[in-house]
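So the structure is just underneath, and the comments pick up after that.
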Amino acid sequence: MAYHPKSEFLRVMIDRGYLADCTDYQGLDEALIAGVVPAYIGYDATAKSLHVGHLMNIMVLRWFQKTGGKPITLMGGGTTKVGDPSFRSDERPLLDEAAIAANIDGMQQVFAKYLSYGEDGTDAIMLNNAEWLDGLNYLEFLRDIGRHFSVNRMLSFESVKSRLDREQSLSFLEFNYMSLQAYDFLELNRRYGCLLQMGGSDQWGNIVNGIDLTRRVLDHEIYGLTTPLLTTSDGRKMGKSQGGAVWLNGDMLSPYEFWQFWRNTTDADTGKFLKLFTELPLDECDRLGALEGSEINEAKIILAREVTTLLHGADAATAAEATAREVFEKGGTGDDLPTLTLDAAELGEGISIVQLIVRSGLAGSGKEAKRLIAEGGAKLNDAELTDAGLFMTPADLAEPIKLSAGKKRHALVRLG
RNA sequence: GGGGAGUUGGCAGAGCGGUCAAAUGCGGCGGACUGUAAAUCCGUUGGGGCAACCCACCUAGGUUCGAAUCCUAGACUCCCCA
């Protein structure tokens, strides 16, 4: 990076690896030094929880607040009704109001753990773009905003090019997404003096549009900054663990499973992840990331502990770590394993082992559970399960049982 | 409005009357090797059910001894022309 920033925020961004690109390093740097800058990141409400793919940007907001900025988390209550087509090959299903509201609710729980919200100075604020988008008048919007957009230019954006090149349809609805996001930035600048929009590098085009629009309409100079698309060292997009996305909401992925995700980080990514997802000093990250052989497992445990503590709290992180030690080092059972609790009524006469494996989340379907058993990957209290027809009666479940799928995934089943 | 193409398992994509629950690749899962890592190798991979068995190639009908494959209608998607 050629530019040597004076502001603490930009320095952190560069040093810890959060920075992919910036529209104007010097202008932004000077604005940051001059006073409290409001900056926003937008989140579409497409799922009821955020996932690790969002975590880097949340950490950026956290650092932003720590270094004297005012973070704005913008929920895409309005834009989610349109759907961002950037780098997507297909149109996503549209959600209704109720689903969007529920999703926003789930997402807000996570933000509250990383940022402190309030009214003053650098307190973060939570907004929803439905506030200004829902009431838009079409003709007014076209005349005031639409006239500043060049379709020629919009079509040249990389984010939609692949879609066009492959002759996949890009609906007019989706095509308008970028003008709406640009309008968001304009509104945030007008209402809150927001000077900076941040986002993943896939948002570059959308961000630049907002900057141009704001310059044209309000004659204000504002800035954009993007974070790199995070891939694992082998080039895959990060964020999947066994069985799906790594959700941040505890009710969708338990703290123990979250902890496990980080514990299983690839060697080569450990140092990088420590910088991006923990607040440990840089030299400590470098030292830990440079450990060789099995020693690096210690670094991964620290990574898991730090990241889990930020999200779920120190107690949850400690419990997850204790359970992991119990399960992996002693081959026992920990309290913090994902647990399926059955009540006597739903148990009735009993339940098949296949159903238990499915219900406990170790397999996605009955067939999958049977396959697991057939392949010798399923264990009941650490003994290999061979009989797929095994039927568990209430008496069999008097004591909690431990089910395992492979060596790494475990769950408890108990009567409640 | 007119003309054409298409809709197959999580995704991509073969199959075009029986040998098809359906090639192949990706993804997923399990195993081996290890360090709860990566890489590699091996296996496996539609769904429901304790089971017998049942449901499944867009939907609904039909033709056939027999249909993912043929016919009819409908839904949806894409392309081209206006």
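Labels below follow one simple rule: chain letters A, B, ... track the order of the sequence lines, proteins then strands, and each chain is numbered from 1.
When both distances must be under 3.5 Å, the Watson-Crick or G-U wobble mate of B/G66 does not exist. The partner of B/U44 is B/G28, by the rule that a Watson-Crick or G-U pair needs both atom distances under 3.5 Å. In this entry B/C20 has no Watson-Crick or G-U wobble partner, no candidate having both defining distances under 3.5 Å. Nucleotide B/C58 has B/G74 as its partner under the Watson-Crick or G-U criteria, with both atom distances under 3.5 Å.
Using a 4.0 Å heavy-atom distance criterion, A/T270 is classed as making no nucleic acid contact. Contact annotation for A/A405: backbone-only contact, meaning every heavy-atom pair under 4.0 Å involves sugar-phosphate atoms and none involves a base. Contacts of A/G350 with the nucleic acid, taken as non-hydrogen atoms under 4.0 Å apart, are absent. Using a 4.0 Å heavy-atom criterion, one finds that A/I296 contacts the bases of the nucleic acid, with or without backbone contacts as well.
The distance between atom CZ of A/F391 and atom P of B/C50, rounded to the nearest whole Å, is 7 Å. Spacing between atom CD of A/E292 and atom P of B/A38 amounts to 17 Å, rounded to whole angstrom units. The separation between A/L356 atom CG and B/C50 atom C1' is 12 Å, rounded to whole Å. Atoms CG (A/L303) and P (B/U36) sit 17 Å apart, rounded to a whole Å. The distance from atom CG of A/L390 to atom C1' of B/G49 is 16 Å, rounded to the nearest whole Å. Atom CD in A/E375 sits about 12 Å away from atom P in B/G43, given to the nearest Å. Taking atom CD1 of A/I351 as the reference point, atom C1' of B/G49 lies 13 Å away to the nearest angstrom. Here B/C50 presents its P atom at 12 Å from CZ of A/R359, a figure rounded to the nearest Å.
The side chain of A/R409 lies closest to B/G30, out of B/G30, B/G35, B/U36. Relative to the side chain of A/K300, the nucleotides B/C29, B/G35, B/U36 differ in distance, and B/G35 lies closest. Closest to the side chain of A/S352, out of B/A37, B/C50, B/G30, is B/C50.
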Identify each atom pair where a protein N or O and an N or O of nucleotides 45-48 of chain B are less than 3.5 Å apart, giving names and distance.
{"residue": "B/G47", "atom": "OP1", "partner": "A/S365", "partner atom": "OG", "Å": "3.0"}
{"residue": "B/G47", "atom": "OP2", "partner": "A/R371", "partner atom": "NH2", "Å": "3.3"}
{"residue": "B/G48", "atom": "OP1", "partner": "A/G366", "partner atom": "N", "Å": "3.4"}
{"residue": "B/G48", "atom": "OP2", "partner": "A/G366", "partner atom": "N", "Å": "3.0"}
{"residue": "B/G48", "atom": "OP2", "partner": "A/K367", "partner atom": "N", "Å": "3.3"}
{"residue": "B/G48", "atom": "O6", "partner": "A/K367", "partner atom": "NZ", "Å": "3.1"}

Identify all pairs in which a protein N or O lies below 3.5 Å from an N or O of nucleotides 32-34 of chain B, and state each distance.
{"residue": "B/U34", "atom": "O4", "partner": "A/K407", "partner atom": "NZ", "Å": "2.6"}

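Looking at A/E187 and A/R190, a side-chain N of the basic residue comes within less than 4.0 Å of a carboxylate O on the acidic one, giving a salt bridge. Between A/K66 and A/E279, at least one side-chain nitrogen of the basic residue sits less than 4.0 Å from a carboxylate oxygen of the acidic one, meeting the salt-bridge criterion. One finds a salt bridge joining A/K81 and A/E97 here, because a Lys/Arg side-chain nitrogen approaches an Asp/Glu carboxylate oxygen to under 4.0 Å. For the pair A/R143 and A/E140, the salt-bridge criterion is not met [side-chain N within less than 4.0 Å of a carboxylate O]. Taking 4.0 Å as the cut-off between side-chain N and carboxylate O, A/R191 and A/E131 count as a salt-bridged pair.
The gap from the C1' atom of B/U77 to that of B/C58 amounts to 11 Å, rounded to the nearest Å. Spacing of C1' atoms, B/A75 relative to B/U59, comes out at 7 Å, to the nearest Å. Nucleotides B/G15 and B/U8 are separated by 9 Å at their C1' atoms, to the nearest Å. Comparing B/G9 with B/A23, their C1' atoms are spaced 13 Å from each other, to the whole Å. Look at the C1' atom in both B/C70 and B/G18: the space between them is 14 Å, to the nearest Å. A gap of 14 Å separates the P atoms of B/G4 and B/A73, to the nearest Å. B/G47 and B/G3 have their C1' atoms separated by 40 Å, with the value rounded to a whole Å. Remark: the separation of the P atoms in B/U64 and B/C11 is 36 Å, to the nearest Å.
Listed by chain and residue number, A/Y256, A/T323, A/V327, A/T333, A/H410, A/L412 satisfy the side-chain contact (heavy atoms from CB on, under 4.5 Å) test with A/L337 (two or more places apart in sequence, or in another chain). By the side-chain contact (heavy atoms from CB on, under 4.5 Å) test, A/L282 is found to be paired with A/D15, A/R16, A/K275, residues two or more places apart in sequence or in another chain being considered.
Not less than 6.0 angstrom separates the ring centroid of A/F111 from the ring centroid of A/Y117. Between A/W262 and A/F277, the ring centre distance stays below 6.0 Å.
Within the structure, every pair that satisfies the salt bridge (charged side-chain N to carboxylate O under 4.0 Å, His left out) test and touches residues 363-389 of chain A, not counting sequence neighbours, is listed here: A/D382-A/K402. Residue pairs satisfying the ring pair (Phe, Tyr, Trp, His ring centres under 6.0 Å) criterion with at least one member in residues 343-377 of chain A, sequence neighbours excluded, are absent.
With RNA chain B read from its 5' end, the first of the two nearest nucleotides for A/V354 and A/N297 is the one closest to A/N297. Between A/G376 and A/A324, the residue anchored closer to the 5' end of RNA chain B is A/G376, taking for each the nucleotide with the nearest heavy atom.
Here the rule is side chain to side chain donor-acceptor pair (under 3.5 Å) with A/D184, and of A/N129, A/T79, A/N189 only A/N129 fits it.
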